[in-house]
Amino acid sequence: AQTVTQSQPEMSVQEAETVTLSCTYDTSESDYYLFWYKQPPSRQMILVIRQEAYKQQNATENRFSVNFQKAAKSFSLKISDSQLGDAAMYFCARLGSGGGSNYKLTFGKGTLLTVNP
Amino acid sequence: NAGVMQNPRHLVRRRGQEARLRCSPMKGHSHVYWYRQLPEEGLKFMVYLQKENIIDESGMPKERFSAEFPKEGPSILRIQQVVRGDSAAYFCASSPRPGADEQYFGPGTRLTVT
């Protein structure tokens with residue numbers, strides 16, 4: 001089974017500081033997509049950032065950026081200038097880009113981020 | 001453009017009853033995916049449907065669960081004879097084409113079995 005692993009069940013950060021959430025994954029494909037989703041208490045799944053595996057450049061969305069290490073199969077999320085509204089569960093996910101299951105998102109178990117004022 | 005809609009948002013059923021969860025995809029999207037989130041877990045794929053077709057139901061439990069996406073109307077996830085272990089959040093997502101690099105999620109339905 002191709003898995004996604006988030007080794008940090010919980011993380012905390014002070015408001016305005018920077019925090020990095022870790023994610024590793026397993027895949028036999030050369031091309032795929034990686035995502036970070038945010039799930040606040042409302043339970044709505046919100047896409048934070050997306051990375052295409054064939055792109056060398058790390059994706060950035062405002063205060064959110066990733067460190068994508070393809071050879072190491074690592075995909076960490078960095079949140080800069082943390083805000084109280086960033087507090088949520090964060091899920092790392094992988095989507096295959098070809099073959100028979102290029103529509104299945106595989107999720108990690110999540111990291112609960114607390115932002116302290 | 002309205003997002004993916006799911007109803008009800010909360011559903012309480014007694015053991016042995018049936019649960020019907022509805023999902024209306026985004027306008028123009030004809031691909032629907034259902035995921036289940038058990039407590040303290042990430043989302044897990046259940047089934048992928050296109051209009052009038054089940055493409056992949058490999059994540060669905062073999063018994064009591066079924067899904068459909070008719071030509072007209074929402075996609076339905078049906079759970080017969082619910083048990084306590086079915087208590088979970090059920091999410092629907094949609095995309096405009098298969099293998100699209102983004103699936104748009106609905107707000108989920110939280111099913112509680114008493």
Side-chain angles (χ1 to χ4, degrees), chain A residues 1-10 21-26 29 31-55 59 61 75 88-112, chain B residues 2-6 8-11 21 23 25-26 29-50 53-60 69 87-112:
Chain A
Q2 302 196 5
T3 58
V4 175
T5 302
Q6 293 178 248
S7 59
Q8 306 152 317
E10 297 182 26
L21 308 184
S22 301
C23 173
T24 58
Y25 58 92
D26 181 24
E29 296 171 325
D31 197 15
Y32 45 89
Y33 298 98
L34 296 165
F35 305 87
W36 279 97
Y37 282 91
K38 171 184 176 181
Q39 187 180 48
S42 68
R43 287 191 165 265
Q44 175 73 55
M45 294 292 287
I46 302 166
L47 178 65
V48 174
I49 200 164
R50 167 179 54 221
Q51 174 80 42
E52 297 168 75
Y54 69 88
K55 288 189 175 178
E61 288 287 342
F75 182 60
M89 183 70 86
Y90 285 81
F91 291 100
C92 177
R94 187 193 67 83
L95 181 68
S97 67
S101 61
N102 63 338
Y103 43 78
K104 291 182 185 179
L105 277 166
T106 301
F107 287 85
K109 289 192 173 185
T111 296
L112 180 63
Chain B
V4 178
M5 299 176 67
Q6 289 188 249
R9 293 292 308 275
H10 301 276
L11 182 62
L21 287 61
C23 168
M26 286 182 71
H29 289 193
S30 57
H31 302 267
V32 165
Y33 316 84
W34 285 93
Y35 293 84
R36 179 166 67 172
Q37 184 179 28
L38 295 170
E40 313 297 326
E41 296 282 329
L43 280 68
K44 287 193 164 46
F45 170 83
M46 298 182 73
V47 61
Y48 162 40
L49 309 106
Q50 295 176 19
N53 287 302
I54 298 173
I55 306 302
D56 182 349
E57 55 182 351
S58 59
M60 291 268 276
F69 188 17
S87 295
Y90 292 82
F91 289 90
C92 167
S94 72
S95 68
R97 58 188 181 277
D101 63 353
E102 183 173 350
Q103 296 177 9
Y104 297 81
F105 280 85
T109 293
R110 178 177 287 193
L111 171 66
T112 301

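Just so it is clear, the structure is predicted and the values come from calculations on it, not from any experiment. In what follows, every chain begins at residue 1, and chains take the letters A, B, ... in the order their sequences are listed.
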How about CE on B:M5, more than 12 heavy atoms from neighbouring residues, nucleotides or ligands closer than 6.0 Å, or not? no
Shortest non-hydrogen pair, A:Q44 vs B:P107, comes out as OE1-CA, 3.3 Å
Got a sec: does the CZ of B:R110 have more than 12 other heavy atoms crowding it under 6.0 Å? no
Heavy-atom closest pair, residues A:Q39 and B:F91: NE2-CZ, 3.3 Å
Report the C-alpha distance between B:E40 and A:K109 in whole Å, list the side-chain angles of each, state the deciding distance to 0.1 Å, and finish with yes or no for salt bridge (Lys or Arg N to Asp or Glu O under 4.0 Å). CA-CA 7 Å; B:E40 313 297 326; A:K109 289 192 173 185; over 6 Å; no
About how many Å separate OH of B:Y35 and CE of A:M45, when rounded to the nearest 0.5 Å? 9.5 Å
Non-hydrogen atoms of B:R9 and A:S42 that approach each other most closely: NH2-O, 3.7 Å
Take B:Q103 and A:L47 through the side-chain contact (heavy atoms from CB on, under 4.5 Å) test and state the conclusion after the steps. CA-CA 9 Å; B:Q103 296 177 9; A:L47 178 65; over 6 Å; no
Give, as side chain, backbone, both or neither, the part of A:T106 having an atom under 4.5 angstrom from any heavy atom of chain B. neither
Derivation of the side-chain contact (heavy atoms from CB on, under 4.5 Å) call for B:R97 and A:Y103: CA-CA 9 Å; B:R97 58 188 181 277; A:Y103 43 78; over 6 Å; no
Compute the centroid of each ring, for B:F45 and then for A:F107, and state whether the two points are separated by less than 6.0 Å. no
Any heavy-atom pair between the side chains of B:E102 and A:L95 that's under 4.5 Å? no
Side chain, backbone, both or neither: which part of A:Q6 has a heavy atom under 4.5 Å from chain B? neither
Quick check for you: to the nearest 0.5 Å, what is the distance between A:L105 atom CG and B:K44 atom NZ? 13.0 Å
